[in-house]
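Values below: all heavy atoms of this structure, side chains included; hydrogens, waters and symmetry mates excluded.
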Amino acid sequence: GHYLFGGSRDGDAPFASSGGAVLYGGDQQARELAIGPGTRMADGDSGDAVFLRIQTGVQVQSASGNTGTLALAGLASATGNAQALTLHFSGGQYEARAADGSLVQSGSYTAGDAISLPGVRLSLKGSPADGDSLVLKPGASQDLFAQVRSVIDAVQAPVTTDAQRAQAQTLRNSALGALDAGMNHISSVRSSVGTRLASLDQVESQLGALDEQLQTTLSDVRDIDYAEAISKLQLQTTGLQAAQAVFAKVQGLTLFNYIR
């Protein structure tokens, strides 16, 4: 009767659709349950942690005014930290400039080349017209629903010219890259759930062993033969008294007593 991803606010539906966006009505808290002596474990994950705070990786967009056929074919990680850049193409050359206009990197480009930039390697296809550009944005936090929406928008984008076709392909590949990051995040959450399940199995095994030990102890107490137990107690008491008497005599002996 409770919602899975509402956090501690699990009495109401955690997600609601509004104007094409998905709103989260839960919180970031996870309830913890006692599963053993001094051991507590979260009984789930909040929807905020599972579906909302996902790092998308680098996003690439074609400038709306592009007239060439330059398109993004794929993204791969590279050395360094990704940063916001704009790639300008002209005369078979490209320039990668930061947000303040400073030059970060430049080089030559022919159709089908890959360009390695700080933090990302771009696989490109097609030929840019002079003045065409690509905009790179470093990874930001985005929810999984927005990632799915971006894929839908990319597929539904109108295409009538070669330039629009190249822009749509760039949009689709960038959106699919973000969706891959979302699915990797979901896989990571599933792994954490698997780890918790393994811990539960271990605690269950420990509690089972403890229960068996307690049952054995209870059986020893409940099924005792009182006559036999009293006889053993008396015998042990007699032996203890004899040992105490011998110890008292031995403790009083010295070398002078032996000589005397």
Taking the side chain as C-beta and beyond, is there a heavy-atom pair between [X] and [Y] under 4.5 Å?
X	Y	result
Asp48	Arg53	yes
Leu136	Gln59	no
Ser46	Gln29	no
Thr67	Asp132	yes
Leu52	Gln142	no
Leu75	Asn173	no
Ser8	Gln28	no
Val104	Leu117	no

Give the cluster check for [X] versus [Y]: same hydrophobic cluster or not, with ILVMFWY residues linked at side-chain heavy-atom distances below 4.5 Å.
X	Y	answer
Val159	Val151	no
Leu207	Ile35	yes
Leu72	Ile115	yes

- Task: For Gln236, check side-chain contact (heavy atoms from CB on, under 4.5 Å) against everything at least two apart and list the hits.
- Result: none
- Query: Does anything in residues 165-186 pair up under salt bridge (Lys or Arg N to Asp or Glu O under 4.0 Å), and if so which pairs, sequence neighbours excluded?
  - Reply: Asp162-Arg165
- Query: Rounded to the nearest 0.5 Å, what separation is found between the CG atom of Leu218 and the CD atom of Gln213?
  - Reply: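 The CD atom of Gln213 is 12.5 Å from CG of Leu218, to the nearest 0.5 Å.
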- What class does the angle between the rings of Phe89 and Tyr94 fall in, given that below 30° is parallel, 30 to 60° is tilted and above 60° is perpendicular?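 It falls in the tilted class, 30° to 60°.
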- Item | Check: Ser231 side chain, Ala227 main-chain N or O, donor-acceptor pair, under 3.5 Å | no
- Note on the structure: For Gln167 and Asn66, the nearest pair of non-hydrogen atoms, with its separation, is NE2-O, 3.2 Å
- Do you know which of Leu200, Val203, Leu197, Leu33 makes side chain to side chain contact (heavy atoms under 4.5 Å, CB included) with Met41?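 Among Leu200, Val203, Leu197, Leu33, the one meeting side chain to side chain contact (heavy atoms under 4.5 Å, CB included) with Met41 is Leu200.
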- Message: Quick one about Thr110 and Asp113 (side-chain donor to acceptor, distance below 3.5 Å, no hydrogens or angles considered), yes or no?
- Response: yes
Solution key, residues 14-24 side-chain donor-acceptor pairs under 3.5 Å, sequence neighbours excluded:
from: Tyr24; atom 1: OH; to: Phe5; atom 2: O; distance (Å): 3.0
from: Tyr24; atom 1: OH; to: Asp27; atom 2: O; distance (Å): 2.8
from: Tyr24; atom 1: OH; to: Gly47; atom 2: N; distance (Å): 3.3

